[in-house]
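Before any comments, here is the structure.
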Amino acid sequence: MLDFSREYQLRREEILAALELVADSQKFILGPEVEQFEAAAAAALQVKHAIGCASGTDALWLALAAAGVGPGDEVITTPFSFFASTSAILRAGAIPVFADIDPVTFNLSPAAAEAVITPRTKAILPVHLYGQPVDWDHFQQIADRHKLLLIEDAAQAWGARWKQIPAGSLGASAAFSFYPTKNLAAMGDAGMVTTNDDTVADHARALRTHGMRQRYFHDEIGWNARLDSFQAAVLNVRLKYVTAGNEERAQIAENYLHLFQQAGLIGAITLPEMLTNAHSAWHQYVIRAPRRNDLRTHLTAHQIGTEIYYPLPIHLQPSLSHLGYMAGTFPHSEQAAHEVLALPIFPGLRMDEQELVVQRIAEFYF
Ligand SMILES: *Cc1c(COP(=O)(O)O)cnc(C)c1O
């Protein structure tokens, strides 16, 4: 499914040299590497501020809290994402409100989101799932109409663009994750908040260090959500190669399309579909497959790794039963959870390996 040792072998010397510099400097927390990474990341994303933090989950909480989302506020989001998209809303003290996805893109449906707006709605938190940006124009219209904040979960979307505008620079604030499987990957946990708003940026910086602007004076209750210098050093190296890596991912997606066409599999399975204005980061290549679990067993038996993102929608998670959502409430999300299968896609994946994936899938259906 994922073999990052291929990329690591290419960058090993450069990464170890960067780590050695951190060790020698003894500046481990928010050191010069962090500042360097924040500046380079902001430039790459064409955004005014980038604030490094400890994880994507912390980035989501910071993006919400720094933009002013708090107790009593409702935040509309998708039930078909990683759990953190929702748990961060709860951690900010707000109330998650779900709306169903668009079955074509797997992303939060703008129309469904608009339908659950109440006077208490403060923000919409769409997720650029699998690397495909959400229908931003539509969300922007809704946000303008109802005076709401838009906050992006861009954890899977480094390098994605909506009409040439980078994901992470579209909303009031945005959250990135650099978890080791993400397109831009740390060697541990790391994340980042981005914003074009000076006040939100200042707030996020304070919140990530216990609400301190001046040492040991706590303006408000924050948390320790800092990025450490070792992770920033790794990210500084990999930032140079992430665009090439994303281009390789796009090529792999195109290869799959041709291979599935040649194999006559279009119709047997459903391939990913992109909106006209969406430039995907191709974090995942996700198909809809009939008899998905049996197909997965077949592929596993032939040493082909796959993954299910996500097998149980968030509104049905046991820990969130107090929110009161029942099975059947979001049919598109629930159906997707039964049908999606992520196939191998990562820089370094070879054409002969892709051919084998498609051949094994054809074998299963024909
Ligand atoms: C990875 C991910 C997160 C959480 O990031 P961590 O760095 O693991 O905390 C949040 N949302 C989405 C959509 C993700 O894919």
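Note that this is a predicted model, so its numbers are computed, not measured. Whatever order the structure lists them in is the order used to number ligands and atoms, beginning at 1. Below, all heavy atoms of this structure are taken into account, side chains as well, without hydrogens, waters or symmetry copies.
Residue-to-ligand polar distances place D153 within reach of ligand 1: an N/O pair is separated by less than 3.5 Å. Geometrically, ligand 1 and G56 share a nitrogen or oxygen pair separated by less than 3.5 Å.
Residue contacts with ligand 1 for L129 are absent, since no atom lies close enough (heavy atoms, distance under 4.0 Å). Here T57 has heavy atoms under 4.0 Å from ligand 1 in both its backbone and its side chain.
Atom CD of E13 has 12 or fewer neighbouring heavy atoms from other residues, nucleotides or ligands inside a 6.0 Å radius.
Separation of atoms CD1 (I361) and CD (E363) is listed at 10.5 Å; rounding is to 0.5 Å. Between the CZ atom in R291 and the OH atom in Y365 there is a gap of 6.5 Å [rounded to 0.5 Å].
In summary, the atoms of ligand 1 found under 4.0 Å from a heavy atom of V127, numbered by their order in the structure, are 13 (C). Within ligand 1, counting atoms from 1 as listed, the ones closer than 4.0 Å to a heavy atom of A155 are 2 (C), 3 (C), 10 (C), 11 (N), 12 (C), 14 (C), 15 (O). Atom numbering of ligand 1 starts at 1 in the shown order; those under 4.0 Å from a heavy atom of S81 are 13 (C). Atoms of ligand 1 lying under 4.0 Å from at least one heavy atom of L60, given by number and element, are 10 (C).
The residues R292 and E307 are annotated as not salt-bridged, no charged nitrogen and carboxylate oxygen being separated by less than 4.0 angstrom. A salt bridge is absent between R120 and D73: the closest approach of a Lys/Arg side-chain nitrogen to an acidic carboxylate oxygen does not fall below 4.0 angstrom.
The side chain to side chain donor-acceptor pair (under 3.5 Å) test with H283 is passed by exactly one of N246, T181, N183: N183.
Under a 4.0 Å heavy-atom criterion, D58 is not in contact with ligand 1.
Judged by a 6.0 Å distance limit and a 45° cone about the ring axis, R91 is positioned over the six-membered ring of W223. Relative to the ring axis of Y241, R11 places its NZ or CZ within 45° and under 6.0 Å from the centre.
Ranking the protein heavy atoms by distance from atom 2 (C) of ligand 1 puts K182 NZ, 2.7 Å first. In terms of protein heavy atoms, atom 3 (C) of ligand 1 is closest to F82 CD2, 3.6 Å. With respect to atom 15 (O) of ligand 1, the closest heavy atom belonging to the protein is Q156 NE2, 2.8 Å.
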